[in-house]
Amino acid sequence: MTTSTPIDVPDAFAASYGTQGAEARAWLAGLPRLGEELLDRWELRLDGRARWGMASLVLPVRRADGTPAALKLQQVREETAGAADGLRAWRGNGIVRLLENDEGSAAQLLERLDASRPLSSVTDEETAVGVLSDLLARLTALPAPSGLRSLSDIAAAMVEEAPAAAPALRDPEERKLLETCAAAVAELTGEAGDRLLHWDLHSGNVLAGEREPWLAIDPEPLAGDPAFDLLPAIDDRWEAVTSSGDIGRAVLHRFDRLAEAVGADRRRAVGWTLGRVLQNGLWDVEDGKESLEPTQVTIARTLLDHRR
């Protein structure tokens, strides 16, 4: 089967993604040809309007037998390197199914979910946290396949980078907080775990499906302790936390529910969640920022005040 169907890269996606440097712009330039090649190879036809996020373009398609699917085009990067291995290991248990994968380009043909119904559209707090807790428990129950990035390596690198990064923060209290987070991670580097982590599970990365009510998408697989996967769900839908009337209580409720779901004791759960705050802080400093994200500061201080 051949197709002459052109692949149009949406202007908004090109404008956003093109700000990420020369390699990103080169990838964008080759995207139409890549998309057309994959439509031909996998015998696909376009079936609707493209959707996109910060790092990928997703085209709704139909396979030769009429089955709906989604063609995900993404640049080859460190965070996408293990995505196909993770999806193959999960086999659709709580997460979107991988139908085809192109190793050279990191493109994926995926089961089509309902992109118009993310979990973030659910207004009930308990329902949303319950879905995330259930998915985290299921996804982190598997041992990570060999070859994935390891939390032990990432944690050691973060601890090493923290002393040089802290002085870039304007607020002395935030500098101290970053150092405290690094110290907490240093205590855990010897027990970094070997489970298969999603690394970015929040309500925007969960879509409604047909074979299950809710399924995760967009994993950035990592081998490590399930407690390292809690922060995106704690930091999620922050307006629900601020409108609760008691921010600390709301944070702790989410934290306790998620930690219990993945079977993490409080010491490890606090330590690895502080590790995620550290990681985000290091990325912020690398991007030239001089302060930590306020929500991250609130979460870290709440956990430090109730770590036992």
Side-chain angles (χ1 to χ4, degrees), residues 51 53-54 56 58 68 70 72 83 86-87 89-98 108 110-142 144 193 195-222 224-264 266 268-270 272-273 276 280 295-296 298-299 302-303:
R51 292 180 179 267
M54 294 179 61
S56 63
V58 180
K72 181 178 181 180
L87 288 171
W90 280 308
R91 298 182 179 181
N93 184 6
I95 198 164
V96 66
R97 280 182 175 149
L98 178 68
Q108 300 170 350
L110 301 165
E111 165 188 20
R112 195 192 301 182
L113 305 180
D114 189 348
S116 69
R117 291 180 56 213
L119 182 60
S120 56
S121 66
V122 173
T123 58
D124 183 72
E125 165 75 357
E126 288 302 301
T127 298
V129 175
V131 170
L132 290 171
S133 298
D134 174 67
L135 291 177
L136 269 179
R138 294 166 66 188
L139 295 175
T140 60
L142 293 181
R195 299 290 94 182
L196 179 54
L197 309 186
H198 182 287
W199 206 358
D200 195 26
L201 189 66
H202 53 78
S203 62
N205 274 345
V206 177
L207 299 180
E210 291 189 1
R211 61 182 175 85
E212 291 196 35
W214 300 104
L215 291 163
I217 61 169
D218 291 348
E220 298 177 11
L222 177 72
D225 190 310
F228 194 65
D229 250 4
L230 305 186
L231 184 63
I234 299 171
D235 194 18
D236 193 34
R237 298 157 49 96
W238 194 247
E239 68 282 354
V241 174
T242 57
S243 64
S244 69
D246 189 335
I247 292 176
R249 181 178 180 180
V251 167
L252 290 172
H253 175 69
R254 288 185 176 187
F255 172 80
D256 288 337
R257 191 164 179 185
L258 293 162
E260 181 180 2
V262 301
R266 178 168 282 271
R268 285 190 2 261
V270 169
W272 284 125
T273 302
R276 288 300 288 267
N280 291 334
T295 56
Q296 306 271 302
T298 297
I299 291 168
T302 299
L303 295 183

Requested in this report: Evaluate side-chain contact (heavy atoms from CB on, under 4.5 Å) for Leu87 paired with Leu110, printing each intermediate quantity in order.
Outcome: CA-CA 10 Å; Leu87 288 171; Leu110 301 165; 4.0 Å; yes
Query raised in the report: For the atom pair CZ (Phe255) and CG (Leu231), what is the distance rounded to the nearest 0.5 Å?
Result: 10.5 Å
Query raised in the report: So which pairs with a foot in residues 240-249 pass side-chain hydrogen bond (donor to acceptor under 3.5 Å, both in side chains), sequence neighbours left out?
Result: none
Query raised in the report: Taking side chain as C-beta onward, heavy atoms only, is Arg266 less than 4.5 Å from Asp256?
Result: yes
Report summary line: Here the gap from Gln296 atom CD to Thr273 atom OG1, rounded to the nearest 0.5 Å, amounts to 10.5 Å
Report task. First locate atom CG of Asp134, then atom CZ of Arg257, and finally report the distance between them rounded to the nearest 0.5 Å. Result -> 10.0 Å
Query raised in the report: Between Val262 and Ala137, what is the shortest heavy-atom contact and its length?
Result: CG1-N, 4.3 Å
**Report entry** Ser116 side chain reached by Arg51 side chain, heavy atoms, under 4.5 Å
**Finding:** yes
Report summary line: dist Trp199:CH2 -> Thr140:OG1 (nearest 0.5 Å) comes out at 16.0 Å
Query - Listed partners of Ala240 passing side chain to side chain contact (heavy atoms under 4.5 Å, CB included), at least two apart - result: Glu125, Arg254
Query raised in the report: Ile247 and side-chain contact (heavy atoms from CB on, under 4.5 Å): which partner among Thr298, Thr295, Leu252?
Result: Thr298
Query raised in the report: Roughly how far apart are Leu132 CG and His198 NE2, rounded to 0.5 Å?
Result: 10.0 Å
Query raised in the report: So, does Arg237 use its side chain to make a donor-acceptor pair with the main chain of Val122 at under 3.5 Å?
Result: yes
Query raised in the report: After noting the C-alpha distance and the side-chain angles of Asn205 and Ile217, does the key distance pass the side-chain contact (heavy atoms from CB on, under 4.5 Å) rule?
Result: CA-CA 5 Å; Asn205 274 345; Ile217 61 169; 4.0 Å; yes
Query raised in the report: Checking side-chain contact (heavy atoms from CB on, under 4.5 Å) against Leu230, which of Val270, Leu136, Ile299 comes through?
Result: Leu136
Requested in this report: Can you see which heavy atom on Ala269 is nearest to which on Ala227, and at what distance?
Outcome: CA-CB, 3.7 Å
Query raised in the report: So which heavy atom on Ala216 is nearest to which on Leu201, and how close?
Result: CB-CD1, 3.7 Å
Requested in this report: Mark yes or no for whether Arg112, through its side chain, and Ala70, through its backbone, hold a donor-acceptor pair below 3.5 Å.
Outcome: no
Query raised in the report: Are any side-chain N or O atoms of Asp236 and backbone N or O atoms of Ser203, one a donor and one an acceptor, separated by less than 3.5 Å?
Result: yes
**Report entry** Steps toward side-chain contact (heavy atoms from CB on, under 4.5 Å) verdict (Asn93, Leu142)
**Finding:** CA-CA 10 Å; Asn93 184 6; Leu142 293 181; over 6 Å; no
Query raised in the report: Angle class for the Trp272/Phe228 ring planes (parallel below 30°, perpendicular above 60°, tilted otherwise)?
Result: perpendicular
Query raised in the report: What pairs meet the salt bridge (charged side-chain N to carboxylate O under 4.0 Å, His left out) rule with one or both residues in residues 200-219, with sequence neighbours excluded?
Result: Lys72-Asp218, Glu111-Arg211, Arg138-Glu212
Report summary line: Between Pro221 and Leu196 the two heavy atoms that sit nearest each other are CB-CD1, 4.0 Å
**Report entry** Min side-chain heavy-atom separation Arg276-Asp229 under 4.5 Å
**Finding:** yes
Query raised in the report: Which pair of non-hydrogen atoms, one from Leu258 and one from Ser133, has the smallest distance, and what is that distance?
Result: CD2-OG, 3.5 Å
Query raised in the report: Under the 3.5 angstrom rule, does the side chain of Trp90 hit a backbone N or O of Leu139 as a donor-acceptor pair?
Result: yes
